[in-house]
Structure formats: structure tokens, C-alpha cells
2 protein chains.
Amino acid sequence: MEANNYIPRLPAQVDCSIDPAINVLSGKWSFLVIRELYRGTKRFGELQRNIDDVSARALSGALKHLEKNGILERQVFPTVPATVEYTLTPKGQDLYQITKMMKVWAAKWT
Amino acid sequence: MEANNYIPRLPAQVDCSIDPAINVLSGKWSFLVIRELYRGTKRFGELQRNIDDVSARALSGALKHLEKNGILERQVFPTVPATVEYTLTPKGQDLYQITKMMKVWAAKWT
DNA sequence: CTGTATCCACGACGATACTG
DNA sequence: CAGTATCGTCGTGGATACAG
């Protein structure tokens, strides 16, 4: 079982750190997961089908990372086979607003 | 300080991509460089002294990356020894505003 | 269905030495 | 002063196989 541990990407900078936001958004799939969940609660399989070309391993890692950072919540239902639902937290919904600004920025300066 | 900082590119996603912003901000030193330059034009040596623990190699790489993405401009003066100045573009200044929002977001959800 | 285990490739970055 | 060259480290994520 391996340590899917978060390694801080930015150096420690106390007064003006944007590390939490960058950290959460920097994964290859994080943003796409957030965007999917912004549309509503989804299951693992739904996410994998909706996000093009993501492997189970990568999706699992992204979900763990986002959960650990309070961006989404994971709910397990003891059915057979297992059912798991993922839902954006308010914190995650707020973060999505920031990604919208990035999109606007990118479009403005194309 | 931390060892590694591999930053993956986001997958191609045409309609709502935030890739340009994430790509530019994801480097270990990018944000710190942008923050320094937001305060005003600076030379290479100034940047290196002001940014804690950054190596010439890493700083050089970050500057190249940011220049390539239109975040800053590089001006060489044919003095001896060489003088080089880096200045944030309007695009870069705009981007800095987004990082401020990330800071607010991070503080809000602490 | 929802993951984990293993192996491998890739690329950012540190350390050090060196250049015009 | 402002970088580059080279070597090494190590976190990500893809591929595939397997598990609860």
C-alpha cells in the first residue's frame, strides 16, 4: 500500500502563499474531476467514463488527493458490488469559481 | 526543503481549459517570480537574492518558461558584464490578480 | 463496481562545475 | 553578472494485472 502522499510543490512562503490552491489544481486530472462534480454528485465509474482517457489508477489518486484537501466528500454505500459517490464540498465549489477566472484570463490573452 | 516537483501537463480539453493558467503557475518558483516582478522590474541577480533558496538553474528555467508564455519580458543590455532585466507583462499582472484570489480562497477555508 | 499492486517512462529540479 | 552543462534524484501518472 503506497503512500499517495502529498508533497508540497511550492517552497514555504508564509505571507502570501497560494500553495493550497495550486497544490489542489496541479494534478493532471484534478480540474476535470472538480468540473465533473460541480455538475453534481457522481460515482467512480461515471467519472471515469466522463473524463476522457483517465485510468482507474490516476482517477483514484486524484480523488484521494482532493478528498484529503477537503475539496470533495466520499460516501460509501455497503451494497454489492460496492457503490461510492463523490460530492464537491462548498470549499470545492468555491475553488471552481477560481478556475472560471483562469478560463477568462486565458481567453482574454489568447 | 522538498526534493521533487514534477508538474504534469493537463490533458487536452478544448471547451473549458484552464491549462494555460495552471501550466504557468505550477512550477515550483513561478509564482514567487511573478510576485517579485509585480513589485517592479528586476534583474536576474536581484530575483535570485530575493527568492529564498532558488538555484540559478531553476530560476533560469522558470524565467524561460514564463517568458515563453508571455508572462514576462526579458531585456538584455549590451553592457559588460551583461545586464538583463525582467518585467511583468500586462498578461502577467492580470495573472497575479488570480493568485490573490487563490490566497483569499485558501484563507477562507483554513 | 471500485479500486490496489507492480513496473516503467518522463520531466522538474538540486548540486556542482564552468563560460562569455 | 547571467547564465549553461552534466549528472542524479524522485514524484507523477500510464499500462497491465489483480482483488474485495
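Values reported hereafter were calculated over all heavy atoms of this structure, with side chains retained and with hydrogens, waters and symmetry mates removed. Sequence lines set the chain letters: A, B, ... in the order given, protein chains first and strands last, and positions in each chain run from 1.
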Nearest-Å distance, [atom1] ([X]) to [atom2] ([N])?
X        : N       : atom1 : atom2 : value
Glu46(B) : dG3(D)  : CD    : C1'   : 16 Å
Trp29(A) : dT12(D) : CH2   : C1'   : 13 Å
Leu63(B) : dC1(D)  : CG    : P     : 16 Å
Arg49(B) : dG3(D)  : CZ    : P     : 13 Å
Ile22(A) : dT12(D) : CD1   : C1'   : 17 Å
Ile7(B)  : dC10(C) : CD1   : P     : 18 Å
Arg74(A) : dG3(C)  : CZ    : P     : 4 Å
Leu25(A) : dT12(D) : CG    : P     : 15 Å

Self-check item: Option from Lys100(A), Arg35(A), Met102(A) for which side chain to side chain contact (heavy atoms under 4.5 Å, CB included) with Ile18(B) holds
Solution: Met102(A)
Would you tell me if any nitrogen or oxygen in the side chain of [X] comes within less than 4.0 Å of OP1 or OP2 on [N]?
X        : N       : answer
Lys64(A) : dG3(C)  : no
Tyr86(B) : dC1(D)  : no
Tyr6(B)  : dG14(C) : no
Ser55(B) : dA15(C) : no

Quiz item: Under 3.5 Å, is there a donor-acceptor pair between the side chain of Thr110(B) and the main chain of Ala106(B)?
Solution: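 A pair under 3.5 Å: yes.
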Exercise. Quick one: pull up CG in Leu72(B) and CD in Glu36(B) and give me the separation to the nearest 0.5 Å.
Key: 13.0 Å
Exercise. Would you indicate which nucleotide in dC1(D), dG3(C), dG3(D) comes nearest to any side-chain atom of Ser60(B)?
Key: dG3(D)
Self-check item: Among dG3(D), dG14(C), dG13(D), the nucleotide that comes nearest once only the side chain of Lys28(B) is considered
Solution: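 Selected nucleotide (nearest to the side chain): dG14(C).
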Quiz item: Starting at the 5' end of DNA chain D, which residue's closest nucleotide do you reach first, Arg43(B) or Asp53(A)?
Solution: Arg43(B)
Quiz prompt | Position toward the 5' end of DNA chain D (nearest nucleotide), Leu59(A) or Pro81(A) | solution =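 It is Leu59(A), whose closest nucleotide lies nearer the 5' terminus.
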Exercise. Classify the nucleic acid contact of Phe77(A) as base, sugar-phosphate or nothing, counting any heavy atom under 4.0 Å across all strands shown.
Key: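 Since no nucleic acid heavy atom lies under 4.0 Å of Phe77(A), the category is nothing.
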Quiz item: Has the side chain of Arg57(B) got a donor or acceptor atom sitting under 3.5 Å from an opposite partner on the base of dT6(D)?
Solution: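 Per atom types, the contact qualifies.
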Quiz item: Side chains of Tyr86(B) and Glu46(B): do they bring a donor and an acceptor to under 3.5 Å?
Solution: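 Side chains of Tyr86(B) and Glu46(B): no pair found under 3.5 Å.
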Quiz prompt | Geometric class of the Phe31(A)/Tyr96(A) ring pair [parallel <30°, tilted 30-60°, perpendicular >60°] | solution =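 Correct class here is parallel.
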